[in-house]
Amino acid sequence: MHIDAATKLYGIIGKPVGHSLSPAMHNAAFQHKGINAVYLAFETGSPEKAVEAVRTIGIKGLSVTVPHKESIMPFLDEIDKTAKRIGAVNTVRNSNGVLSGTNTDWIGAVKALKAVIDLENTEVTVLGAGGSARAVIFGLLKEKAKVHIANRTKEKAGRLAEEFGCSFSGLDDLSGINGAILVNTTSVGMGELRGISPVPKQLLKQFSVVMDIVYGKEKTRLLQDAEEFGCIIVEGIEMLLHQAAAQFEFWTGKKAPFDAMRKALIQAQVK
Ligand code: ATR
């Protein structure tokens, strides 16, 4: 890697970011395209100060992750319609001092699913009603899928269903659910909830495709169960990869070197 006075800086902000796979993907992309830039991970509790740093030292772009995707919004100069509708920014571009926010999470979800199944008129059950669910549901509806939202707190599912025009239920009331695709956007399977599935195994029988946005070195319990029933599974790293490719394109205006990014992601994941 060549670093000199003209090298541009990009990075990810969040807390924690110590295990982020984004630096591996984006540095591979810059190298592959011969772009004189580096991408680092910045752990910070203050999106406001991070934005100030971007302006002060001319950082060219940011990925934004948990817990700053919503709280960063007031500090940016412009936010596109999509990010406003989702209510979260996961990508910032600095164009000559003007900071623009967008959201590529929905693109990640849609592309990861479309690689294995058509979405138009397809029935999809989304588990969860938090920030990640909003991005996934936005993408699914844009692709004309029919969405059912199931969440532990049923009222939250109800509010989201009303906003986006979907059906809804509690997570404990899935008996009548059928559809082709199931997507988990809850945090079940992650951190302290590792090894746990958000739904009973038998429920998975009826789905053709099961996607989990939770990812890690091993497949989540949900995806292991789904595989046992012969469902096509889509791992969380697929969404991660596709949203990162869209970030690269937003920053550089160039087509993302998808295969190089995938290779770097897989290598970083097994480390
Ligand atoms: P994110 O931005 O990652 O979506 P979030 O907005 O905090 O995070 O949303 C977390 C989601 O995981 C919510 O749908 C939450 O359900 P509630 O709305 O009932 O809180 C869901 N979730 C978290 N822990 C859960 C658990 N143990 N069982 C079921 N759902 C859970």
Side-chain angles (χ1 to χ4, degrees), residues 12-17 19-22 45 47 62-73 79 82-91 101-110 112-113 124-141 147-164 166-175 177 181-201 203-204 210-216 220-223 225-226 234-240 242-244:
I12 181 166
I13 61 159
K15 197 171 182 178
V17 288
H19 294 99
S20 172
L21 299 168
S22 294
L62 286 182
S63 306
V64 184
T65 190
V66 179
H68 303 322
K69 288 186 190 186
E70 287 152 42
S71 50
I72 196 168
M73 294 173 79
I79 293 170
T82 300
K84 276 189 194 150
R85 180 88 176 89
I86 294 170
V89 160
N90 81 324
T91 313
T102 190
N103 189 304
T104 67
D105 285 331
W106 71 275
I107 301 175
V110 161
L113 281 170
V124 187
T125 297
V126 174
L127 307 177
S132 310
R134 292 184 66 91
V136 170
I137 292 164
F138 173 87
L140 288 170
L141 294 176
V147 176
H148 179 88
I149 304 168
N151 193 47
R152 177 177 63 178
T153 311
K154 192 174 169 184
E155 298 70 40
K156 231 167 115 184
R159 283 198 294 274
L160 201 57
E162 191 175 354
E163 184 183 338
F164 282 99
C166 310
S167 56
F168 73 99
S169 66
L171 195 55
D172 52 0
D173 177 24
L174 291 171
S175 48
I177 297 302
I181 307 176
L182 181 79
V183 181
N184 176 44
T185 75
T186 75
S187 26
V188 181
M190 196 158 64
E192 285 169 9
L193 302 172
R194 223 166 70 162
I196 302 172
S197 170
V199 289
K201 194 169 166 178
L203 182 89
L204 303 174
V210 177
M211 173 161 118
D212 200 339
I213 75 164
V214 176
Y215 59 86
T220 58
R221 167 66 51 201
L222 172 70
L223 293 185
D225 289 350
V234 182
E235 294 190 60
I237 59 161
E238 294 300 321
M239 175 168 162
L240 183 72
H242 283 286
Q243 67 76 30

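Just so you know, ligand 1 is whichever comes first in the structure, and atom 1 is the first atom listed for that ligand. The analysis underlying the following values was restricted to heavy atoms, covering all of them including side chains, and did not include hydrogens, waters or symmetry mates.
Judged by distance alone, the side chain of Asn151 and the main-chain N or O of Ala129 form a donor-acceptor pair under 3.5 Å.
Residues Leu174 and Ser169 meet the side-chain proximity criterion, which asks for heavy atoms closer than 4.5 Å.
The nearest heavy-atom contact from the protein to atom 15 (C) of ligand 1 is Asn151 OD1, 4.0 Å. The protein atom (non-hydrogen) at minimum distance from atom 11 (C) of ligand 1 is Thr186 CA, 4.0 Å. Ranking the protein heavy atoms by distance from atom 25 (C) of ligand 1 puts Arg152 NH1, 3.3 Å first. Nearest protein neighbour of atom 28 (N) of ligand 1, counting heavy atoms only, is Val188 CG2, 3.4 Å. The closest protein non-hydrogen atom to atom 8 (O) of ligand 1 is Gly131 N, 4.4 Å.
At a heavy-atom distance under 4.0 Å, no atom of Val66 approaches ligand 1. Both the backbone and the side chain of Thr153 come within 4.0 Å of ligand 1, counting heavy atoms alone.
Between Thr102 and the choices Ile107, Thr91, Ile86, the side chain to side chain contact (heavy atoms under 4.5 Å, CB included) rule is met once, by Thr91.
Taking the ring centre of Phe164 as origin, the terminal cationic atom of Arg85 falls inside the region bounded by 6.0 Å and 45° from the ring axis.
Counting heavy atoms only, Ser187 comes closest to atom 23 (C) of ligand 1 of the residues Gly130, Ser132, Ala133, Ser187.
Rounding to the nearest 0.5 Å places CG of Leu21 at 8.0 Å from CD1 of Ile237. Between atom CD1 of residue Ile137 and atom CD of residue Glu163 there is a gap of 9.5 Å, rounded to the nearest 0.5 Å.
Close contacts between ligand 1 and Gly128 involve ligand atoms 14 (O) [criterion: under 4.0 Å to a heavy atom]. Residue Leu171 approaches ligand 1 through these ligand atoms, each under 4.0 Å from one of its heavy atoms: 29 (C).
A donor-acceptor pair shorter than 3.5 Å can be found between the side chains of Asn90 and Thr104.
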